[in-house]
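Before any comments, here is the structure.
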Amino acid sequence: MIANVVPRHMTGMTFEPAQQPRQRFPLSPSPLFGNSLLGLLEDRWSEVSADLRTVQLVAGEDLRPAGSMIFPSSAVVGLSLSDGDGHGVDVELVGRDGMIEPTIRAGARWIVRISGMAHALDARLFEAAAERSPALEEALARRRADRITELQNAALCGRAHHQEGRLAGLLLRLQEQSGRSELDLSQEHLADMLGVQRTTITAVASSFKKAGAIRYSRGRITVLSDETLARKACACSQDALAARRLDG
């Protein structure tokens with residue numbers, strides 16, 4: 001059972017009883033499961049249902065999958081890479097269209113950025129089910145290829161693009177992956193994710209607010225116009241957004 005693979009005392013994760021009676025996964029995110037990859041397990045539901053667990057993820061805490069696949073539904077998790085001086089930058093965001101695998105490179109951390117729900121499943125069980133599901137196997141191959149591109153683009157974006165474009169792209173990605181426009185995030189957290197000073201975020205967020213793209217209060221940012229943010233986003237964010245919408 002997954003409770004033996006991901007301990008209950010693990011930082012940032014508490015487990016709740018699975019919903020009864022169990023339901024079949026739809027082919028798209030649902031209010032209960034909310035993750036598009038899990039939806040592709042519909043034809044293998046009998047093989048995984050007993051081991052699937054609901055997980056509460058809490059913003060700001062490290063996530064340690066410990067042999068499990070984690071599938072966020074309303075939570076968003078960032079992969080933060082350290083530069084060796086204690087400064088980090090998020091190079092990947094995972095939410096309702098992705099998954100978090102148990103392996104992680106040295107110097108990297110999975111950090112919960114937006115609190116919410118997720119599901120955990122033993123990694124070996126998931127991989128075995130995926131091998132017998134052509135649709136899921138294809139989706140995983142595409143997701144892993146997209147992830148390599150995303151990581152490469154993140155490295156280039158940080159060096160080549162201005163902060164306004166990077167922040168606009170980040171907000172769009174957070175909105176997309178959480179499935180909501182109200183984001184419980186402080187400007188300090190956004191600065192950590194982009195690896196910049198908080199004063200930079202304050203200045204850019206102020207310009208977005210004047211343009212009618214967002215509103216913000218302490219600890220919360222609301223996206224009012226994703227069209228405006230899309231126009232302000234850097235080229236790599238625009239390309240990635242267009243590609244994901246095409247895949248979807």
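The figures here come from the full heavy-atom set of this structure, side chains too, leaving out hydrogens, waters and symmetry mates.
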Self-check item: Side-chain (R113) to main-chain (H189) donor-acceptor, under 3.5 angstrom
Solution: no
Quiz item: Could you state the interatomic distance from NE2 (H162) to OG1 (T200), rounded to the nearest 0.5 Å?
Solution: 13.5 Å
Self-check item: Short side-chain to backbone donor-acceptor contact, R109 and R64, under 3.5 Å
Solution: no
Quiz item: Quick one: ring pair (Phe, Tyr, Trp, His ring centres under 6.0 Å) partners of F208, sequence neighbours excluded?
Solution: none
Quiz item: Where do V94 and W110 land on the side chain to side chain contact (heavy atoms under 4.5 Å, CB included) test, with the steps shown first?
Solution: CA-CA 10 Å; V94 178; W110 286 112; 3.9 Å; yes
Exercise. Search all heavy atoms of S207 against all heavy atoms of E164 and return the closest pair with its distance.
Key: OG-OE2, 4.0 Å
Self-check item: Residue pair P65 / I70: nearest heavy atoms and the distance that separates them
Solution: CB-CG1, 4.2 Å
Exercise. Starting from the C-alpha separation in whole Å, work towards a yes-or-no answer on side chain to side chain contact (heavy atoms under 4.5 Å, CB included) for L121 and M99.
Key: CA-CA 11 Å; L121 184 64; M99 66 181 184; over 6 Å; no
Exercise. Could you tell me whether a side-chain N or O of S133 sits under 3.5 Å from a main-chain N or O of L41, the two making a donor and an acceptor?
Key: no
Exercise. For residues V58 and V112, determine if any side-chain heavy atom of one lies less than 4.5 Å from a side-chain heavy atom of the other.
Key: no
Quiz prompt | Point-to-point distance, once rounded to the nearest 0.5 Å, from CZ of R143 to CD of E101 | solution = 9.0 Å
Quiz item: With a 4.5 Å limit on heavy-atom distance, are the side chains of L183 and V76 in contact?
Solution: no
Practice problem: Calculate, to the nearest 0.5 Å, the distance between atoms CE and CD belonging to M193 and E188 respectively. | Solution: 13.0 Å
Practice problem: In sequence, state the C-alpha distance, the side-chain angles, and the governing distance for L93 and L170, and then conclude on side chain to side chain contact (heavy atoms under 4.5 Å, CB included). | Solution: CA-CA 9 Å; L93 289 175; L170 175 61; 3.4 Å; yes
Self-check item: Close side-chain approach of M69 to P102, heavy-atom, < 4.5 Å
Solution: yes
Quiz item: Does one hydrophobic cluster hold both V223 and I201, with members joined at side-chain heavy-atom distances below 4.5 Å?
Solution: yes
Exercise. Step through the shown structure and confirm whether more than 12 heavy atoms of other residues, nucleotides or ligands are within 6.0 Å of CD on E127.
Key: yes
Practice problem: Determine whether L194 and D90 make a side-chain contact, defined as any pair of heavy atoms from C-beta on separated by less than 4.5 Å. | Solution: no
Quiz item: Which is it for L171 and L185 under the side chain to side chain contact (heavy atoms under 4.5 Å, CB included) test, yes or no, and what are the steps along the way?
Solution: CA-CA 10 Å; L171 291 174; L185 275 169; 5.5 Å; no
Quiz prompt | Pairwise distance CG(N35) to CD(Q177) - rounded to 0.5 angstrom | solution = 9.0 Å
Quiz item: Any chance CZ of R144 has more than 12 other-residue heavy atoms, nucleotides or ligands included, within less than 6.0 Å?
Solution: yes
Quiz item: In Å and rounded to the nearest 0.5 Å, what is the CE to CZ distance from M117 to F71?
Solution: 15.0 Å
Quiz item: How long is the span from the CZ atom in R220 to the CD1 atom in I214, to the nearest 0.5 Å?
Solution: 14.0 Å
